[in-house]
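Scroll down for the structure; my scribbles are underneath it.
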Number of protein chains: 2
Amino acid sequence: MHFPDTLDFLLHQVCHLHHHRVRQVFESLGLYRGQPPILRILWDEEGLTHNELALRLHVTPATMSRTLQRMEKAGFLMRKPDPADQRVSRVYLTGHGRAVQEQVQQALQRIEADTFAGFTAEELTILRGYLERIRGNLWRATEEKDPC
Amino acid sequence: MHFPDTLDFLLHQVCHLHHHRVRQVFESLGLYRGQPPILRILWDEEGLTHNELALRLHVTPATMSRTLQRMEKAGFLMRKPDPADQRVSRVYLTGHGRAVQEQVQQALQRIEADTFAGFTAEELTILRGYLERIRGNLWRATEEKDPC
DNA sequence: CGGTATTATTTAGCCGGCTAATCATTAGTC
DNA sequence: GACTAATGATTAGCCGGCTAAATAATACCG
């Protein structure tokens, strides 16, 4: 690398490697990066609408629609129309979607253990604070409609 | 959110928001998220091969090939065959690719300022250390060929 | 009640990630 | 020199992001 790492580029690299690690760990379960967070929500609460899921995970309805399609096709969940509103469809787990819970939780713990290996409890607390501040910073920055 | 944020999910959210911010800031320059790092390298050193660029940025040749195609089409760079080896093509900036340097640098500084707003110099040093450790952790984890 | 506005989901197309396969070129070996 | 192995770039297809547009259903207002 010919130019020194900016902190921002370092964050970019961490993101890239994190994505790669997630991909690697979930591959054998037939799950892709965007899918485990959806399962986590549904294990806790089935019957949510597409929109509710999209809002929870801060992605667009278009993204959610497509991911849910793929997960339904892969057998993790099913979508049923809401009897009270024909525009709405609600999302429910299949048996397979429920059956993978233990494995997915273990996979998530594995990723977390890998990512933060060697950090003391105090360091993890400090790091959490830093990441929360960064999240807040970025959230505010993207919400301000740029005049440029 | 019905389950508490794990640190890992917090990192996931930071990545997502960071991507979004980068997208937002570069939109007006006609650049997409993966493209500014390529320009940064080329401002410093033109004539690199596809493979060299891919290795520098830790992406696959397929990804680099496609991104370069798009950037050439958008007018930022051009690719020329290497006279010594017909498999190789080398990447050079166009006038436009050079002309946007100042604006791109400013955009990058803007993202950095937004992301780390409110951090003291000491905190930034600690954060850098943490991110470097995380990068190393993830790098090692992905390189180990998982037996699972 | 009729007309307009809003909403929920989907599709198309762009982007950057990946893997796998392909093709032409080059390197290596006998 | 002939053959095989390796290499560089590309394409196809999958994924998750986005925006824009579309369609059908529902809400709202006069």
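Each chain gets a letter, A, B and so on, in the order its sequence line appears, and its residues count up from 1.
Closest to the side chain of A:Tyr32, out of C:dG17, D:dC15, D:dA9, is D:dC15. Closest to the side chain of A:His50, from the set C:dT10, D:dG16, D:dT11, is C:dT10. The side chain of B:Pro61 approaches D:dT10 more closely than any other nucleotide in the set D:dT10, C:dT9, D:dT19.
Dashed line: the shortest gap from a side-chain N or O of A:Arg70 to OP1 or OP2 of C:dT10 is not under 4.0 Å. Distances shown here put a side-chain N or O of A:Gln35 below 4.0 Å from the OP1 or OP2 atom of D:dG16. Taking 4.0 angstrom as the limit, B:Thr63 places a side-chain polar atom (N or O) nearer than this to OP1 or OP2 of C:dC18. For C:dT9, neither phosphate oxygen OP1 nor OP2 lies less than 4.0 angstrom from any side-chain nitrogen or oxygen of A:Ser65. Listed pair A:Gln69 / C:dT9 fails the phosphate criterion, with no side-chain N or O lying under 4.0 Å from OP1 or OP2. Between A:His16 and the phosphate of C:dC18, there is a side-chain N or O to OP1/OP2 separation shorter than 4.0 Å.
Atom NE2 of A:His18 and atom P of C:dG16 are 22 Å apart (whole Å).
Considering every non-hydrogen atom in both A:Arg90 and A:Gly47, the closest pair reads NH1-O, 2.8 Å.
When each of A:Val59 and B:Met64 is assigned the nucleotide of DNA chain D with its nearest heavy atom, B:Met64 is the one assigned upstream, toward the 5' end. Both B:Asp85 and A:Ala84 sit near DNA chain D, but only B:Asp85 has its closest nucleotide nearer the 5' end.
Residue A:Arg79 is in sugar-phosphate contact alone, with no base atom involved, counting any heavy-atom pair closer than 4.0 Å across all strands shown. When heavy atoms are screened at a 4.0 angstrom cut-off, B:Thr67 is found touching the sugar-phosphate backbone but no base atom.
Annotation: A:Gln106, atom CD; neighbour count of heavy atoms from other residues, nucleotides and ligands within 6.0 Å is above 12.
The distance from atom OG1 of A:Thr115 to atom NE2 of B:His12, rounded to the nearest 0.5 Å, is 13.0 Å. Expressed to the nearest 0.5 Å, how far CG of A:Leu55 lies from CG of A:Leu48 amounts to 10.5 Å.
Residues that satisfy the side chain to side chain donor-acceptor pair (under 3.5 Å) test with A:His50, not counting sequence neighbours, are A:Ser89.
With hydrogens and angles ignored, no donor-acceptor pair closer than 3.5 Å exists between the side chain of A:Arg87 and the base of C:dT9. A donor-acceptor contact under 3.5 Å links the side chain of B:Arg66 to the base of C:dG17.
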